[in-house]
Amino acid sequence: MKRVPSGILPLVSVDRNAGLALHRQIYDSFRAAILDGRLRPGQRIPSTRVLASEIGVSRFPVLSAYDQLLAEGYTESRVGAGTLVCASLPEQLMSARPQRTNPASVRSGPRRVADRCGLLPRRQAVPWVVPPGPFRVGQIAFDQFPHQIWLRLLARRGRAVSAETLHYGDLKGSPALRQAIANYLKVARSVRCDAEQVLVVNGSQQALEISARVLLNPGDRVWVENPSYRLARDVFTLNGCRMVPVPVDGEGLEVSAGIKACRAARAVFVTPSHQFPLGVTMSASRRLQLVDWAQNSGSWILEDDYDSEFRYESQPIASLQGLDPNSRVIYIGTFSKILFPSLRLGYLVVPPDLIERFHVMRRLMDLGMPTLSQQVLADFIDAGHYARHIRRMRVHYGENRRLLAESLDRILGGKLQLIGDEAGMHLTVMLPKGYNDEEISHRAVREGLSLWPLSRLYMKNPRQGFILGFGGVAAKEIPAAVRKLHNLLSRTEGRRAQA
Ligand SMILES: Cc1ncc(COP(=O)(O)O)c(C=O)c1O
């Protein structure tokens, strides 16, 4: 049986002036709660002593009501567990259930909500994100995470909680973590910053939302890479911005095409270290061109540096922020790739003159991140575990990527064109002409494969292909998964030949 919360006090109302005996009122309240499902089968109900004290009556009416519920089969008592709602209610009791009336929204049709709700497409369940099988994008190698170390640090901090650590934490992020992030970014990513400029947030997504609220007005135009990260686009849409898709080639964002399309754009969203999803690295000359454009047109650069630590053919490429002498870059980073996404910790590095505005905006969105996880993460970084974990994962993911590229080549014989650099946790492949990636992705789910269709990430001129995550797949499963992909494509070819 599914576990249900127990010992929670249901709303039992007693009114001494109601002209109805107290035990009857208590009985009625429980009966109604059981029949309409508020109290679920197997759920423990409070002891007579607790309930009597909570509702301010003596134990006698409560005992009497409980006896009656027991006698009629609504509850049962179990040694050691107290009184529980009966696991299976008899038929005749079920027929006493009140008829469910339609909720108000169904009776009256769609109800009025803010216009901005209409700006975003309705949430569609995309099947390829659900199975944790081969090629799910963003999946980390769970079994490689140093759980024991993490748990030890967590236990140590957990034992040392105080009134202060349980109170609201620093809205900007815990000072120790901000310092640890600044130290890391300066050395490993050539970011120009001190801890004051670092703001700890709930992942890149929140970083983007805060940035858009601080920097952009409705109607402002924003360059976005075409193709690009969907959730970033949703932020701009919701903030009323107009997006200008800018093509990406082997050197990253085509800055001159952006200038031609809209020189006066207020901002650009870029993933220069490892373009999402195509995987290319922005060249030095494009970086300088972008920084120049931002300075000349008074625009902001939102740099999403989501997985730059993982490069397998060379050293990680320095951040764009570190190249910019004009403080026009808002640098965004996340722990979702290196550690794990449910940690929900990321950060922003903000130019000094904007720090105050970012803090004010952030306070409206939430009151800071949980202190305990920030402390544990700061300890993890300061003790050198973070750097060690990155080094280990670079080897692990690098091997997965090599094996995936080799299997694609050997099994598919060059049918799919691999693009992008040897980096990150995903590899993007282009389909030959005539294939429909989304159609294949739907069929792949039935085979246990998660193939993210590339065409979905374009705003215009979509190309067909797949984004293949290799982070969460075991090396020994890769060739078999590629064979499945091969079979899927062969069947698609067969169908096309018959049509
Ligand atoms: C381009 C890009 N940026 C950022 C993220 C991470 O977002 P978050 O930090 O909100 O988990 C992802 C996750 O898949 C991503 O693909």
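Positions are given from 1, in the same order as the sequence printed here. Ligands are counted one by one from 1 in listed order, and the atoms in each one are counted from 1 as well.
Proximity of Gln206 to ligand 1, defined as any heavy-atom pair under 4.0 Å, is not found for any part of the residue.
The aromatic rings of Trp223 and Trp293 lie parallel to each other, with less than 30° between the two planes, well short of the 60° mark. Tyr347 and Tyr331 have parallel rings, their planes meeting at less than 30° on a 0 to 90° scale where 60° marks the start of perpendicular. Using bins of under 30°, 30° to 60° and over 60° for the plane-to-plane angle, the ring pair Tyr312/Phe310 lands in the parallel bin.
Here the rule is side chain to side chain donor-acceptor pair (under 3.5 Å) with Ser308, and of Lys337, Arg189, His274, Glu303 only Arg189 fits it.
Of the charged side-chain nitrogens involved, none lies within less than 4.0 Å of a carboxylate oxygen, so that Glu447 and Arg443 do not count as a salt-bridged pair.
Tyr229 CE1, 3.4 Å is the protein heavy atom nearest to atom 16 (O) of ligand 1. Protein heavy atom closest to atom 3 (N) of ligand 1, with residue, atom name and distance, is Asp304 OD2, 2.6 Å. For atom 7 (O) of ligand 1, the closest non-hydrogen atom on the protein side is Ser204 OG, 3.5 Å. Protein heavy atom closest to atom 11 (O) of ligand 1, with residue, atom name and distance, is Ser336 OG, 2.7 Å. Ranking the protein heavy atoms by distance from atom 10 (O) of ligand 1 puts Arg344 NH2, 2.9 Å first. Shortest contact from atom 14 (O) of ligand 1 to any protein heavy atom: Lys337 NZ, 3.0 Å.
Taking every heavy atom of Gly203 and a limit of under 4.0 angstrom, the matching atoms of ligand 1 come to 9 (O), 10 (O).
Judged by distance alone, the side chain of Arg401 and the main-chain N or O of Phe470 form no donor-acceptor pair under 3.5 Å. The closest donor-acceptor contact from the side chain of Gln197 to the backbone of Asp194 lies under 3.5 Å.
The shortest N/O to N/O separation between Asn202 and ligand 1 does not fall below 3.5 Å.
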